[in-house]
Amino acid sequence: MARFKRTLVALSLIPLLAHTALAHKSPTYQYILERLLEGHHVVNIVDDFLVFWEQAKDKTPGAQRRLWKRMVENKHRDYFDRAVYRTSDPVLRRAMLEEFLIRVPGQVDAIREFNSTITDLRTSPLVDVVILFKARFREYSQQRDIYIGVSMFQFDGAVRPVENESGVPDTLCLGADVLSGYSREQVRIAITHEFFHLYHFNSLFQQPEITASDCRAPHMRLMIEGMAVAGAEEVFPGESRESYLHFTKEEDESQHRDLVEHSRQFLDLIRESAPVEEYSQWFTRSHGGEAPPRGGYLLGYEVARRVMSSFTLEQMIRMTPAELREHSEEQLAVMAEERVLLLASR
């Protein structure tokens with residue numbers, strides 16, 4: 001009942017904010033979002049991409065690359081350097097751009113429609129997310145601008161250190177080229193997932209004892225992603241479980257059948273302090289290893305839900321890496337033994 005009331009209160013803010021905007025000169029979507037984001041901006045790179053495409057669509061690949069550099073990439077260099085390319089290798093950067101320019105023509109109409117929807121106050125899933133997220137997590141405070149750009153099909157949403165020399169991930173970047181292929185519900189869940197990362201990182205990186213190596217440990221990736229899945233469920237309750245995990249129904253059922261074995265495998269990675277290259281395949285869909293596609297999200301979510309029987313998500317956000325490791329190991333060990341205990345009791 002309390003959650004239902006929170007949702008009603010949050011939804012009631014939408015017409016109120018719209019009315020407030022109408023009381024000002026030139027009411028805009030940007031004005032509403034700046035109010036919601038505590039004075040921070042939404043940087044829309046998609047507008048520049050669409051202008052670029054109108055000039056580039058009939059050009060040769062070489063001409064397209066030159067136009068891209070001049071009209072989009074150079075204009076938003078920090079975003080592309082830190083959020084998309086994340087590498088200084090010119091060969092890799094060129095390969096990423098060439099693949100993007102080959103793939104993007106079939107997605108341009110969807111990107112244009114997505115851009116129109118997300119920048120319309122009446123239809124914007126971003127406005128929905130900000131209002132409902134701040135209603136559920138009242139301690140959340142916006143620290144940086146939000147970027148709506150293209151990710152060269154690398155991510156739907158990500159938290160990156162844009163305009164941040166320290167390297168702390170504190171800026172939400174939305175990939176319109178990927179999100180434009182989602183349903184409205186999927187878009188809202190994906191954005192909420194990333195907002196939870198912002199909330200978590202705002203707290204995590206304020207801990208004086210935190211180190212870069214702490215955050216690269218396998219248990220941290222597991223808990224960071226699992227808590228974000230649980231956070232999206234808190235903001236938008238009532239969706240199917242696979243929606244929060246970005247699974248098909250068949251993938252969800254298959255991975256739950258193998259949950260015991262997967263728990264054992266990931267527990268071994270934590271106890272061995274496995275490096276990123278050994279456990280990262282658990283958090284991707286396409287890879288050459290044996291890990292289940294995006295299996296780390298499901299494991300992290302199951303661990304987070306179990307920990308939430310004793311702690312709130314707000315309390316978990318304040319936990320140190322050592323505390324999160326203790327909880328992840330404890331819950332994975334229980335999950336790994338559940339079938340054994342069940343069979344022994346028969």
Side-chain angles (χ1 to χ4, degrees), residues 29-30 42-120 122-126 129 145-160 162 171-191 193-194 243 246-248 251 283-288 293-294:
Y29 162 86
Q30 185 76 16
V42 174
V43 181
N44 190 316
I45 300 173
V46 180
D47 287 340
D48 291 318
F49 164 77
L50 292 172
V51 172
F52 148 79
W53 187 251
E54 285 305 305
Q55 293 192 32
K57 59 185 177 183
D58 297 322
K59 299 290 194 298
T60 64
Q64 287 184 340
R65 288 194 299 272
R66 289 191 293 274
L67 286 170
W68 169 266
K69 294 280 188 181
R70 177 168 59 84
M71 299 180 66
V72 185
E73 189 173 314
N74 289 344
K75 189 174 180 180
H76 305 282
R77 180 158 296 282
D78 204 54
Y79 167 82
F80 284 100
D81 283 350
R82 301 186 184 207
V84 181
Y85 290 126
R86 307 178 75 193
T87 175
S88 58
D89 182 345
V91 175
L92 180 57
R93 291 166 73 107
R94 174 162 175 161
M96 290 174 64
L97 176 57
E98 288 179 346
E99 181 181 358
F100 172 70
L101 292 174
I102 290 171
R103 292 179 60 184
V104 79
Q107 199 66 20
V108 170
D109 288 344
I111 292 172
R112 185 178 289 109
E113 177 63 24
F114 174 83
N115 193 46
S116 174
T117 299
I118 203 166
T119 54
D120 186 326
R122 299 164 300 175
T123 60
S124 176
L126 180 56
V129 169
D145 293 343
I146 292 175
Y147 286 77
I148 304 176
V150 290
S151 70
M152 297 185 176
F153 300 104
Q154 302 298 306
F155 56 77
D156 51 13
V159 177
R160 303 289 200 227
V162 179
T171 303
L172 174 58
C173 303
L174 301 178
D177 42 351
V178 178
L179 288 172
S180 61
Y182 289 5
S183 68
R184 179 179 176 82
E185 290 71 23
Q186 288 173 321
V187 170
R188 296 199 307 176
I189 288 171
I191 296 176
H193 184 106
E194 299 305 325
S243 296
H246 211 61
F247 283 177
T248 65
E251 287 174 330
F283 299 93
T284 60
R285 183 169 294 283
S286 300
H287 58 79
R294 292 175 58 87

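- Between Y182 and H246, the two ring planes are tilted [angle within 30° to 60°].
- With D48 contributing its side chain and V72 its backbone, the two residues share no donor-acceptor pair below 3.5 Å.
- Distance alone, capped at 3.5 Å, is enough to place a donor-acceptor pair between the K59 side chain and the Q55 backbone.
- Residues that satisfy the salt bridge (charged side-chain N to carboxylate O under 4.0 Å, His left out) test with E194, not counting sequence neighbours, are absent from this structure.
- The minimum heavy-atom distance linking P125 with T117 is given by the pair CD-CG2, 4.3 Å.
- Judged by distance alone, with hydrogens and angles left aside, the side-chain atoms of R184 form a donor-acceptor pair with the main-chain N or O of T123 at under 3.5 Å.
- Two residues are said to be in side-chain contact when any heavy atoms from C-beta on lie closer than 4.5 Å; F155 and R160 meet this criterion.
- Taking the side chain as every heavy atom from C-beta outward, I111 and V104 approach each other to under 4.5 Å.
- In this model, no donor atom of one side chain and acceptor atom of the other lie less than 3.5 Å apart for E185 and S243.
- With sequence neighbours excluded, no residue forms a side chain to side chain donor-acceptor pair (under 3.5 Å) with R66.
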TODO: Report the C-alpha distance between R294 and F247 in whole Å, list the side-chain angles of each, state the deciding distance to 0.1 Å, and finish with yes or no for side chain to side chain contact (heavy atoms under 4.5 Å, CB included).
DONE: CA-CA 8 Å; R294 292 175 58 87; F247 283 177; 3.7 Å; yes

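- The CG atom of L101 sits 10.0 Å away from atom CG of L67, with the distance rounded to the nearest 0.5 Å.
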Open item on the list: Using salt bridge (Lys or Arg N to Asp or Glu O under 4.0 Å), reason through R285 and E251 one step at a time and then give a plain yes or no.
Closed with: CA-CA 11 Å; R285 183 169 294 283; E251 287 174 330; 2.7 Å; yes

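- With hydrogens and angles disregarded, no donor-acceptor distance shorter than 3.5 Å links the side chain of R82 to the backbone of V162.
- Looking at R112 and E54, a side-chain N of the basic residue comes within less than 4.0 Å of a carboxylate O on the acidic one, giving a salt bridge.
- In this pair, W53 and F49 present their aromatic rings parallel. The plane angle is below 30°, not in the 30 to 60° band.
- Between V84 and M96, the shortest heavy-atom contact is O-CE, 3.7 Å.
- With no hydrogens or angles considered, no side-chain donor-acceptor pair links N44 and T119 at under 3.5 Å.
- Inter-residue side-chain proximity for F80 and V150 is flagged as met; some heavy-atom pair is nearer than 4.5 Å.
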- [ ] Begin from the C-alpha positions of I148 and L126 and carry the test side chain to side chain contact (heavy atoms under 4.5 Å, CB included) through to its verdict.
- [x] CA-CA 10 Å; I148 304 176; L126 180 56; 4.3 Å; yes

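- The shortest heavy-atom contact between R65 and L97 is CG-CD2, 4.1 Å.
- Within the 3.5 Å criterion, the main-chain N or O of G175 finds no donor-acceptor partner in the side chain of S151.
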Task: Worked check of side-chain hydrogen bond (donor to acceptor under 3.5 Å, both in side chains) between T171 and D145 - done: CA-CA 7 Å; T171 303; D145 293 343; over 6 Å; no

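- When all heavy atoms of A190 and D156 are compared, the pair lying nearest together is CB-OD2, 3.9 Å.
- Taking all atoms of both residues into account, the shortest heavy-atom contact from F114 to V187 is CE1-CG1, 4.1 Å.
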Open item on the list: Let's go through I146 and V43 carefully: what are the C-alpha distance in whole Å and the side-chain angles of both, what is the deciding distance for side chain to side chain contact (heavy atoms under 4.5 Å, CB included) to 0.1 Å, and is it a yes or a no?
Closed with: CA-CA 6 Å; I146 292 175; V43 181; over 6 Å; no

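- Q154 and Y85 form no side-chain donor-acceptor contact under 3.5 Å, judged by distance and modelled atom types alone.
- The closest side-chain heavy-atom distance from M71 to K75 is not below 4.5 Å.
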Task: Chi angles and distances behind the side-chain hydrogen bond (donor to acceptor under 3.5 Å, both in side chains) call for Q107, S180 - done: CA-CA 8 Å; Q107 199 66 20; S180 61; 2.9 Å; yes

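- Ring geometry for F153 against F100 counts as tilted: the plane angle lies between 30° and 60°, on a 0 to 90° scale.
- R93 CZ: more than 12 foreign heavy atoms inside a 6.0 Å radius.
- Here CD1 of I45 is found 10.5 Å from CG of L174. Values are rounded to the nearest 0.5 Å.
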